[in-house]
There are 2 protein chains.
Amino acid sequence: MKAAELAKSLGTTADTVRYYTRLGLLKPAKSVNGYKSYSNKEVSRLKFILSARNLGFSVADIKEIINESEDGKSACPLVRSLIKERLEETEKQFQAMLALRGKMSSALSRWEEMEDKAPTANMVCHLIENFEQIKKA
Amino acid sequence: MKAAELAKSLGTTADTVRYYTRLGLLKPAKSVNGYKSYSNKEVSRLKFILSARNLGFSVADIKEIINESEDGKSACPLVRSLIKERLEETEKQFQAMLALRGKMSSALSRWEEMEDKAPTANMVCHLIENFEQIKKA
DNA sequence: CTTAGACCTGTGTCTAAGACACAGGTCAAG
DNA sequence: CTTGACCTGTGTCTTAGACACAGGTCTAAG
């Protein structure tokens with residue numbers, strides 16, 4: 001099985017397959033022609049990686065998880081602790097995006113009623129430069 | 001004014017100042033000793049950049065905006081159209097994060113009641129591997 | 001004047017997770 | 001045997017700075 005076939009069978013790209021292979025998450029055999037040859041084991045391995053990515057784990061997390069399981073240990077405790085961390089990060093980013101979205105949207109609606117101004121020596125764009133101040137007023 | 005002074009006066013880092021300088025957004029004079037020397041014009045320029053970053057513009061956007069204004073044109077139309085784009089992107093990312101947060105949080109709570117399992121030949125971690133399926137059941 | 005130490009410099013490299021470019025290899029149809 | 005479609009591995013690029021590092025500057029003490 002070639003990289004592109006594996007990729008297509010799981011709905012991802014050959015570049016992604018090659019990336020995981022470069023990192024050592026997939027370990028294909030070298031086929032005769034020098035191409036990498038992926039077996040059924042790689043299919044389920046990739047399926048696992050994609051599921052984990054989908055749940056918010058980083059590739060580094062996944063590497064750690066796989067290493068643990070390859071040592072014969074249960075990865076479950078690690079998995080639980082990692083997702084706790086990732087969820088906290090996600091929550092922070094989520095709040096940040098929420099705030100940003102509000103700011104952007106309020107800027108957009110305010111700016112639609114404001115006139116254009118030419119730049120001056122100390123002003124690039126009055127829309128941006130006055131935004132925070134106006135807000136306070 | 002040295003990079004670190006400029007940075008501190010606006011609550012950012014010297015690395016950030018140097019980064020913007022590298023990109024040509026700040027154009028300090030060369031001081032005698034070879035260090036870069038920032039004037040008051042750079043202070044207001046940096047203030048502008050930080051405000052724009054804060055509103056969700058990318059550094060590339062800001063470069064574009066500054067170029068427009070340095071051509072003597074009003075950057076306002078560009079600014080409005082850029083923020084519209086950025087807001088749409090932010091909205092998409094926001095929805096994605098919302099969904100991800102929900103998925104992660106539901107995974108976490110479910111996994112806390114599930115037992116550890118040792119890995120098998122075709123299973124790295126049953127928590128992850130069974131998550132989507134269980135959800136459907 | 002000298003020296004120590006604190007602080008600063010510019011430059012180069014690193015990050016995540018692939019996407020993209022590219023020179024070249026493979027392979028089926030003709 | 002050749003054309004063309006598709007594939008390969010490798011190297012570089014992306015964001016917005018952070019960090020490392022060898023060395024320069026500057027102030028205070030001796």
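Worth saying up front: this structure is predicted, and the values here are computed from it rather than measured. Atom set for the values below is all heavy atoms of this structure, side chains included, hydrogens, waters and symmetry mates excluded.
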Item to complete: Just compare C:dT9, D:dT10, C:dG24 and give me whichever is closest to any side-chain atom of A:Tyr35.
Response: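 Nearest to the side-chain atoms of A:Tyr35, counting from C-beta on, is C:dG24.
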Discussion item. Tell me if a side-chain donor or acceptor on A:His126 pairs with a main-chain N or O of B:Cys76 at a distance below 3.5 Å.
Written reply: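 Flag not set: sc A:His126 to bb B:Cys76 has no pair under 3.5 Å.
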Separation of [X] atom [atom1] from [N] atom [atom2], in whole Å?
X       : N      : atom1 : atom2 : answer
B:Asp61 : D:dA16 : CG    : P     : 8 Å
B:Leu46 : D:dA16 : CG    : C1'   : 14 Å
B:Lys2  : C:dC8  : NZ    : C1'   : 6 Å
B:Leu23 : D:dT15 : CG    : P     : 10 Å
B:Glu5  : C:dC7  : CD    : C1'   : 11 Å

Discussion item. Checking side-chain hydrogen bond (donor to acceptor under 3.5 Å, both in side chains) between A:Gln95 and each of A:Lys92, A:Glu91, A:Gln93, which is the one that passes?
Written reply: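 Testing each of A:Lys92, A:Glu91, A:Gln93 against A:Gln95, the sole residue satisfying side-chain hydrogen bond (donor to acceptor under 3.5 Å, both in side chains) is A:Glu91.
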Between the protein and nucleotides 15-18 of chain C, are there any N/O to N/O pairs under 3.5 Å, and if so, what are the atom names and distances?
from, atom 1, to, atom 2, distance (Å)
C:dA17, OP2, A:Val59, N, 3.3
C:dG18, OP2, A:Tyr20, OH, 2.9
C:dG18, OP2, A:Arg53, NE, 2.6
C:dG18, OP2, A:Arg53, NH2, 3.2

Discussion item. Rounded at 0.5 Å granularity, tell me how far OG1 in A:Thr13 sits from OH in A:Tyr19.
Written reply: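 The distance works out to 12.0 Å.
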Discussion item. Please tell me if B:Lys36 has a side-chain N or O lying less than 4.0 Å from either OP1 or OP2 of C:dT11.
Written reply: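 Indeed, a polar side-chain atom of B:Lys36 lies that close.
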Fill in: Polar side chain donor-acceptor pair, A:Ser51 to A:Asn54, under 3.5 angstrom
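Distance-only check fails for A:Ser51 and A:Asn54.
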Item to complete: Take the angle between the ring planes of A:Phe94 and B:Phe94 and call it parallel below 30°, perpendicular above 60°, tilted in between.
Response: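 Parallel: the ring planes of A:Phe94 and B:Phe94 meet at under 30°.
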Worksheet item: Once the angle between the rings of B:Trp111 and B:Phe131 is folded into 0 to 90°, is it parallel (under 30°), tilted (30 to 60°) or perpendicular (over 60°)?
Response: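 Taking B:Phe131 first and then B:Trp111, their aromatic rings stand perpendicular (interplane angle over 60°).
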Worksheet item: Picking from B:Leu55, B:Val79, B:Ile83, what satisfies side chain to side chain contact (heavy atoms under 4.5 Å, CB included) with A:Leu108?
Response: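 That would be B:Ile83; it is the only one of B:Leu55, B:Val79, B:Ile83 passing the side chain to side chain contact (heavy atoms under 4.5 Å, CB included) with A:Leu108.
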Worksheet item: If you measure from the Lys or Arg side-chain nitrogens to the Asp or Glu carboxylate oxygens, is any gap between A:Arg45 and A:Glu42 under 4.0 Å?
Response: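 Not counted as a salt bridge, because no side-chain N and carboxylate O are separated by less than 4.0 Å.
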Worksheet item: Using the C1' atoms of five pairs at each end, what's the angle between the two axes of the helix from C:dC1-D:dG30 to C:dG30-D:dC1, to 10 degrees?
Response: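 Here the helix ends are tilted 40° relative to one another.
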